[in-house]
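Some notes on the structure that comes next.
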Amino acid sequence: MPATTLQGLAPSRAIARPDIPHAVRGRFRRIKTALTGLMLGLYFLTPWLRWERGEGLPGQAVLFDLPGRRLLVFGLEFWPQDLPIAVGMLVFGAMALFFATTLAGRVWCGFACPQTVWSDLFFAVDRLIVRLVGKGASERRLRTLAWVLLALATGVGFTAYFIDAPSLPGLLLTGQAPAIAYATVLVLTGTTWLLAAYARERVCLHMCPWPRFQAALLDRQSLVVTYQDGRGEPRGRRRTPLRPDLAQPAPAAPAAPALMGLVAQAVAFSAPAPSPSLRGDCIDCTRCVTVCPTGVDIRRGLQMGCIGCGLCIDACNEVMVKLDRPEGLIRFDVESAPRRSFLAPPRVDWLRPKALAFGLAALLALGFSGYGMATLAQVSVHVEPQRNPPFVQLSDGSVRNDYALRLAHRRAGLARVVLHAEGLEGALLRLGTQDLPAADVVRVAIGSDRTLDERLLVVLPARAAPSGRRDVTVVVSEADTGEELARIPTYFWGPER
Ligand code: SF4
Ligand code: SF4
């Protein structure tokens with residue numbers, strides 16, 4: 001198995017890092033496994049959930065219905081004009097991320113980022129294959145096959161959010177799927193293979209901008225993965241008794257703040273220099289490095305490559321338990337909180353102004369989106385005048401204007417509407433597809449897909465036609481109850497006189 005080498009590790013030891021991080025057991029591994037399973041399950045299973053909306057409407061619970069220009073999410077239906085709700089949700093996501101980062105560092109990166117989730121999946125498959133067939137040519141072939149299949153499943157899974165999921169595999173296999181579906185599968189398969197199978201930790205180390213931003217969000221009270229160098233150093237492989245000073249009160253943190261996330265210096269506080277005859281708790285086994293998905297040696301201090309996944313904590317705790325030493329040599333810790341000893345849990349100030357501000361902003365954005373969802377317009381009507389030509393003069397002298405009418409609604413039971421024009425005395429209306437004489441009120445049935453795309457014709461007798469432009473309002477009402485649903489201001493053109 002090829003290995004990369006980290007040089008310059010104090011006290012002059014090089015670490016051979018495996019290309020597949022070693023497996024580890026522990027609390028953070030369990031949390032990661034649960035979240036990875038949850039997110040992958042949500043991603044792959046959500047398109048298969050069904051939701052009964054009635055005849056003529058898609059039965060998929062979550063569907064980007066591009067031909068219908070809407071997003072269906074269970075009982076909700078969103079249109080392009082509902083974009084502010086999406087913006088509110090994005091702002092909520094950003095503020096929630098800032099809030100979590102301020103409090104607990106890169107928990108998003110370590111546990112929930114899709115790059116982390118998919119890399120974790122690929123690492124797990126790699127480890128399984130190595131365990132089953134050992135290392136060698138068959139292992140490489142099997143790994144490549146597994147990568148392609150996983151990437152393909154991801155591509156098809158993504159496309160299923162846009163096309164009825166149960167029909168999609170059949171459509172793809174029989175060549176009946178639209179070209180854009182094949183293109184989407186291809187692009188997603190390629191990017192998944194590139195990012196999760198090939199690049200993996202390089203994405204976190206070199207491509208993702210988020211580690212650069214997070215430096216501005218962390219402070220000396222943020223929880224970050226920390227190697228307690230005051231307890232672990234001087235490191236050495238020889239097993240020694242627990243240093244007696246570990247249970248003593250520790251000094252305050254250094255005053256100068258470290259530039260979080262960018263400077264490779266220890267976040268852990270300084271401790272009184274131990275006696276040279278004693279060793280610290282770190283036995284330099286390098287287990288914390290070999291389990292790290294990004295290959296970071298956390299003993300060098302907080303680094304940009306550390307995604308805060310906590311696996312090195314689990315690894316080191318395993319070692320400490322075997323050595324009969326207290327856990328927590330590596331742990332989530334804060335830089336500046338007062339401590340009673342190396343072994344006491346860190347005291348975290350959760351109610352910090354910066355965190356509260358981000359939390360409040362997240363709640364406001366969520367409230368904005370929630371309000372938007374609760375007050376969604378139930379009917380959307382667009383009436384666009386056709387301007388080429390702006391009007392048509394008929395053989396009897398009457399003047400006709402054409403409009404593109406688009407109606408969409410998300411209201412149960414709405415099947416028919418009536419249209420009439422206000423502001424133009426004597427105006428008669430007719431739909432392009434209706435073989436009926438024009439009338440002052442036009443009745444129309446809405447399709448079972450809750451949309452209506454029609455050509456609307458408005459005719460004025462010659463004596464009533466305006467010279468030039470005249471404002472007019474198209475009024476849409478519910479056919480059975482007469483309830484007014486929409487008023488759309490537009491205009492009517494007549495020949496200049
Ligand atoms: S796992 Fe713990 S004991 Fe082993 S090298 Fe890392 S910090 Fe030291
Ligand atoms: S050093 Fe590695 S294993 Fe430890 S938290 Fe950071 S990314 Fe995870």
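First listed ligand is number 1; within each ligand, the first listed atom is number 1.
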Atoms of ligand 2, numbered as shown, that sit under 4.0 Å from any heavy atom of Thr294: 7 (S)
List every atom of ligand 2 that sits less than 4.0 Å from any heavy atom of Val296, numbering the atoms from 1 in the order shown and giving each element. 1 (S)
If you compare all heavy atoms of Val225 against all heavy atoms of Cys306, which two are closest, and at what distance to 0.1 Å? CB-SG, 4.4 Å
Would you kindly specify which portion of Ile307 sits under 4.0 Å from ligand 2, judged on non-hydrogen atoms: side chain, backbone, both or neither? both
What is the closest protein heavy atom to atom 8 (Fe) of ligand 2, and at what distance does it sit? Cys309 SG, 2.3 Å
May I ask you to list the atoms of ligand 1 that are less than 4.0 angstrom from any heavy atom of Ile330? 7 (S)
Tell me: protein heavy atom nearest atom 6 (Fe) of ligand 2, and distance? Cys306 SG, 2.3 Å
According to the interplanar angle, ranging from 0 to 90°, do the rings of Tyr198 and Trp193 count as parallel (below 30°), tilted (30 to 60°) or perpendicular (above 60°)? parallel
For the pair Thr154 and Trp118, evaluate side-chain hydrogen bond (donor to acceptor under 3.5 Å, both in side chains) and give the outcome as yes or no after the intermediate values. CA-CA 10 Å; Thr154 305; Trp118 259 259; 3.0 Å; yes
Mind checking whether atom 6 (Fe) of ligand 1 has an N, O or S of Cys288 under 2.8 Å? yes
Taking 4.0 angstrom as the limit, do Asp120 and Arg29 come out as a salt bridge? yes
Can you check side-chain contact (heavy atoms from CB on, under 4.5 Å) on Arg450 and Glu77, steps first, answer last? CA-CA 11 Å; Arg450 296 183 175 177; Glu77 179 176 330; 3.6 Å; yes
Taking only heavy atoms of Cys292 into account, list the atoms of ligand 2 that are under 4.0 Å away from them. 1 (S), 2 (Fe), 3 (S), 7 (S)
Atom 4 (Fe) of ligand 1: which protein heavy atom is closest, and how many Å away? Cys285 SG, 2.3 Å
Got a sec: is Cys282 within less than 2.8 Å of atom 8 (Fe) of ligand 1 via an N/O/S atom? yes
Look at the side chain of Thr116 and the backbone N and O of Gly110, then say whether any donor-acceptor pair between them is shorter than 3.5 Å. no
Taking only non-hydrogen atoms of Cys316 and a 4.0 Å limit, the atoms of ligand 1 in range are 1 (S), 2 (Fe), 7 (S)
Let me see the working for Val289 and Val296 under side-chain contact (heavy atoms from CB on, under 4.5 Å), right down to the final yes or no. CA-CA 6 Å; Val289 183; Val296 163; over 6 Å; no
Side chain to side chain donor-acceptor pair (under 3.5 Å) with Glu139: which of Arg141, Arg143, Lys135? Arg143
Within 4.0 Å of some non-hydrogen atom of Met320, the atoms of ligand 1 are 3 (S)
Would you say Arg235 contacts ligand 1, with heavy atoms under 4.0 Å as the rule? no
Do you see a donor-acceptor pair shorter than 3.5 Å between the side chains of Glu201 and Ser119? no
From atom 2 (Fe) of ligand 1 out to just under 2.8 Å, does an N/O/S atom of Cys312 turn up? no
Does one side chain, of Thr144 or Arg140, offer a donor that lies under 3.5 Å from an acceptor on the other? no
Distance under 4.0 Å to a non-hydrogen atom of Gly308: what atoms of ligand 2 satisfy this? 5 (S), 6 (Fe)
In terms of atom number and element, which parts of ligand 1 are under 4.0 angstrom from non-hydrogen atoms of Arg299? 5 (S), 7 (S)
the protein heavy atom lying closest to atom 3 (S) of ligand 1 turns out to be Ile283 N, 3.5 Å
Have a look at ligand 1 and work out which part of Ile298, if any, has a heavy atom under 4.0 Å from it: side chain, backbone, both or neither. neither
Parallel, tilted or perpendicular for Phe98 and Trp210, by the 30°/60° rule? parallel
